[in-house]
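The shown structure was predicted, so the numbers you read here are calculated from the model rather than taken from an experiment. Chain identifiers are assigned alphabetically (A, B, ...) following the order of the sequence lines, protein sequences preceding nucleic acid strands; residue numbering begins at 1 within each chain.
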Number of protein chains: 4
Amino acid sequence: MINLRSDNESKVFPEILDYMSKVNNEISKAYGEDKITKKAKSLITDFFETEVEVLFLVSGTAANSISLSAICPPFGSIFCSDNAHINLDECGAPEFYSGGAKLIPIKTINGLLSVNSLNTKIKNMGTHGVHEMLPSAISITQTSELGTVYSPDHIKNISSLAKKNNLKIHMDGARFANACAFLKCTPAEITWKSGVDILSLGATKNGALSCELVVVFNKKLFAHIDRRQKRSGHLLSKQKFIAAQIIKWIENDRWLQAANEANNKTREIITILKKNKKINIIYPVESNMIFAEIPLDLELHLKKNNLEFYNWPSKKNTLRFVISWNFENQDIDLIKNIF
Amino acid sequence: MINLRSDNESKVFPEILDYMSKVNNEISKAYGEDKITKKAKSLITDFFETEVEVLFLVSGTAANSISLSAICPPFGSIFCSDNAHINLDECGAPEFYSGGAKLIPIKTINGLLSVNSLNTKIKNMGTHGVHEMLPSAISITQTSELGTVYSPDHIKNISSLAKKNNLKIHMDGARFANACAFLKCTPAEITWKSGVDILSLGATKNGALSCELVVVFNKKLFAHIDRRQKRSGHLLSKQKFIAAQIIKWIENDRWLQAANEANNKTREIITILKKNKKINIIYPVESNMIFAEIPLDLELHLKKNNLEFYNWPSKKNTLRFVISWNFENQDIDLIKNIF
Amino acid sequence: MINLRSDNESKVFPEILDYMSKVNNEISKAYGEDKITKKAKSLITDFFETEVEVLFLVSGTAANSISLSAICPPFGSIFCSDNAHINLDECGAPEFYSGGAKLIPIKTINGLLSVNSLNTKIKNMGTHGVHEMLPSAISITQTSELGTVYSPDHIKNISSLAKKNNLKIHMDGARFANACAFLKCTPAEITWKSGVDILSLGATKNGALSCELVVVFNKKLFAHIDRRQKRSGHLLSKQKFIAAQIIKWIENDRWLQAANEANNKTREIITILKKNKKINIIYPVESNMIFAEIPLDLELHLKKNNLEFYNWPSKKNTLRFVISWNFENQDIDLIKNIF
Amino acid sequence: MINLRSDNESKVFPEILDYMSKVNNEISKAYGEDKITKKAKSLITDFFETEVEVLFLVSGTAANSISLSAICPPFGSIFCSDNAHINLDECGAPEFYSGGAKLIPIKTINGLLSVNSLNTKIKNMGTHGVHEMLPSAISITQTSELGTVYSPDHIKNISSLAKKNNLKIHMDGARFANACAFLKCTPAEITWKSGVDILSLGATKNGALSCELVVVFNKKLFAHIDRRQKRSGHLLSKQKFIAAQIIKWIENDRWLQAANEANNKTREIITILKKNKKINIIYPVESNMIFAEIPLDLELHLKKNNLEFYNWPSKKNTLRFVISWNFENQDIDLIKNIF
């Protein structure tokens, strides 16, 4: 079987599992008052080259929702892409956590929100007083749900617009590492240095077991965000095992190597696919995801050859291929033969 | 250091960590559609000797809150002990998940709700129509927060009262294993066979890494409870790693052995403590927790001898000692010398 | 000044105010346990030719939100028009009351949801399991926000689709009377006889002071909806004064006469407007609202002549004129001279 | 029938109803952008001798809940009396509006929170970090639910404690007028001059139809409180009719006269009751409410003589008598004969 379903199914770095076993032998205080958590926080501060506040969580939905509830009141609205995971794939978690805030989905260019479309949407609001929800935040996904990547300048332009309109910026970084790898940027450059206030940093899709962080750059936002974590059941007694994951994820640039692996293999696969005239690649391939319009007979052929993938809702028959960091070179050879 | 702080700090069974490493080498579908989850569900069904629905979670607060939100409407009330973890230690998670339900704390006898006090409280309500919240559920904690244990008959009497009053029964089983060990009862006997509708089954305090289940015995309650899991960010993509934990927890009665270890060592320690006339044991010791009134000078003496514990809020100076499954025999010898 | 701003500014029937004064002289129990409420309920049952449950409220937003929260769980979604008042003008009240449900706005034909577009949207959902919110209800506005009216057959087709898909039907009847007047239908015909489960019946825009009802046709939906009323602060101690309003509103078909007045005067005005080639009437005029594309110079001319109205957000310069039941004939003459 | 049930059933000042009829003849903008609202705001500013922000509402539950949600986050707690209306009689409205905050009921002395008991409770909290809800506010009821009244000094002491602990002060003023009448204090003296941040000002029990205000003294609290009003369905289109009520309530000190009427008649009745040795008056009578322990045979006698009242939940048989402003002198004579 060749697995192109999702990087949700990627392998955990063996170094992480080994370290978790090691950490098990230490006596540690519960609820994050342990040395492993402390060490992780220090590494994360280095990672972002600035003091940050961190919450250690186990799902991206939790990271996104806690973040959004910290920057948007119950009567507020959040601008996001119409493909946004927060809008389509979290069963209303942002609405639940915020106490009823509203997501305002906006059409994108290849998955990326343009400053123009944001500006138009923002201008159209605010004319209707209290009858309308209060525009409060913009959420962008880096890497986007369509596999494309915001440049630092793009982010800066969005955050400049946000500041003008008194909006906070959240970044859903479920595939943050892949974006850094593509842009050859530091984590700092595409977050706080570009005006991001709060980040969901996902490690799970890129080699962690279940490790998703909320990273707060804007300290004012932090007040009591830890109570939001607790009251949603996301403060783990044995938090050290999440902290352990991020330590080994950051150490030795393991995160970046893995993301480069995934991105590079994706580039190899796209080269193969482009040779097949029946296939139409529909978005720029900038990370580890490929969206391809494919005729039904070819789809059938792929299935017969044990290629696993997900269909993507679209007018034309569209497949999504996701390449994990641990995708094997031998599977690339198999792909060559199938396409 | 002799650690009597909390079983939250207990060691993970090495078999669990080994199995997690093994499971990492399998390709598995995300979000619980994998074989490990399937295997876990089958084992849990055997464990309870009945068909159940299961949610795989990482915290007891999540398990309790999702359970309560499934059995109590936003305008409902839940009777619980005034020491209940849901009432004092979850930063309002039940209120958050339920959308505003109210906990009605009731005084207990040694941590256990009596049928009489429940009956009195229930009778006093319901006279005030819509101005009052709708009595909807009773939540009991097994093992209780004070280390005591409900007998099957006690539970049956409570659930009989509940049924009469149209209330559902939730059991917070953060230390469920210790209760089974004490009672020498099967899991079935003190849950559905005694009228429990929904259970938070905690494994984390007894040898798991982060593994807390919602177990639904009353099928009618299940409708869409999985959406409550998702929308609270508690559906993990790599859920197989939680399923793996419960598999090794159940296999070979590892859970019961560990609970017996903890309970037995607690009995040894209580024997030591009872010899010291300065110490007043305040609740029946039926599991792995000891609550002791202790003079301040003795407390100081314990600290000097590197005994670690938590103070318990009370009028008299009270300490709580919790004994984990992995508490070492050599530490018991040390305790002998200290007291 | 000629007031075409909104029927929100319409006069209260003098008979209502007189009756409120009369009712003030009676001693009545609070919170709806009074004879005036009882009489009102009886009249409403006659009005709809069936047993119904009624909540007496003071705002349409409250009526809509309580209704929606009764038919949609916190993790559910509600299909509605993209112009829907619940979507644009209630500052997130449906999200608040439901505990986080999501409105799914759908493009309309002249303000009316087509069965086709609903069907397409419904089919596109439900493929994504728990990651997606649970489709739970359809909300239609009768008279629509664009002044158009659903025929009984149209409603029947929508509710037939709803039933097939396990969805409940809510009708926002802020201008319910105007629709009845236009269709020459009874209230029963366009509600429960056409499959509507729950109705927000608005009287305020049509001669009441502040009187909006929730009318429940589907008895199963009623369980505890009165607690939703209470816990949102919408159960008035002196409820008899709301009941008094609906009594005089229904008596002598005062509601229907007023709606006919408004609709007829609207027809007179539309005849005037159609003579002016510069004006483009953009939706069928079926009630008491006119939407007109008008050049800026003509708009200025109207303003100079003390015509008051609201601008409607649109690409072309668009004005909304709303005609109240108490619009004066002499003002129609003035309009003739202005246009 | 002699009605001592509740001042919820009190008559509306005829001047209010007359003025509502007058106001009906004016064309007014909807949603509070009208001249009557403006006039009311100006009168309220005079009433409190300071600039305030005001919300015009129709129920005390709404006023309380909107206020509390403005001063307490979803993860916060609110100290209140164990008899507090917000705790017992609002079906969880504060929990609903705040998004899950918790009320911490405290035993009182005759319905009044003592500084000591508050201080003890506050000190016992805050030791448990994020596991505990964040103490955020104190809510006091003036006149209390037991008919007693806080002196200005008492309020100042409570607010001084509040300030030290970073808590906001809410006053539930459902019977605010009766307290002013008893204390011979100005509204300013027992609110902002004594440290109150936000007030629910009730007029309904004292001669209005349905008129309850939120009065914000602490401007910082105001940010967006108007959106909380809107999204709960409490912004009325014809708000002028609420504004009209408060205008006539304030004008000519009608509010104070009515409260004095009620308080004075209560004093007359208490004089009668005290002559009967079988009756035990249990709380100081400082406003328009009497709580009396009464033997069952006397209760029966009262009922036979058409005296209407409510029973009060208590260990001994207890009746509550409430005297409205419009209680008739002739009924006092009847009472003399009955007791």
Open item on the list: Holding to side chain to side chain contact (heavy atoms under 4.5 Å, CB included), I want the full list of residues that pass it with B:K107, two or more places apart in sequence or in another chain.
Closed with: B:D82
Task: Nearest-0.5 Å distance, CZ of residue B:F96 to CE of residue D:M133 - done: 10.5 Å
Open item on the list: I'd like to check the side chain to side chain contact (heavy atoms under 4.5 Å, CB included) partners of D:S10; sequence neighbours left out, ordered by chain and number.
Closed with: C:K238, D:S324, D:W325, D:N326
Task: Nearest-0.5 Å distance, CG of residue D:L103 to CG of residue B:L103 - done: 11.5 Å
Task: Contacts with chain B made by residues 83-91 of chain D (heavy-atom distance under 4.5 Å), listed by residue number - done: D:N87, D:L88, D:D89, D:E90, D:C91
- [ ] Can you measure from NE2 (B:H128) to OH (D:Y310) and round to the nearest 0.5 angstrom?
- [x] 9.5 Å
Open item on the list: Please classify the contact of B:L134 with chain D as side chain, backbone, both or neither, using a heavy-atom distance under 4.5 Å.
Closed with: neither
Task: When B:K102, B:H131, B:E95 are compared by non-hydrogen pairs under 4.5 Å with chain D, the top option - done: B:H131
Open item on the list: Among residues at least two apart in sequence or on other chains, which ones pass side chain to side chain contact (heavy atoms under 4.5 Å, CB included) with B:I106?
Closed with: B:F79, B:L113, B:S117, B:L118, B:K121
Open item on the list: Take a 6.0 Å sphere around CG of D:D297 and say whether it holds more than 12 heavy atoms from other residues, nucleotides or ligands.
Closed with: yes
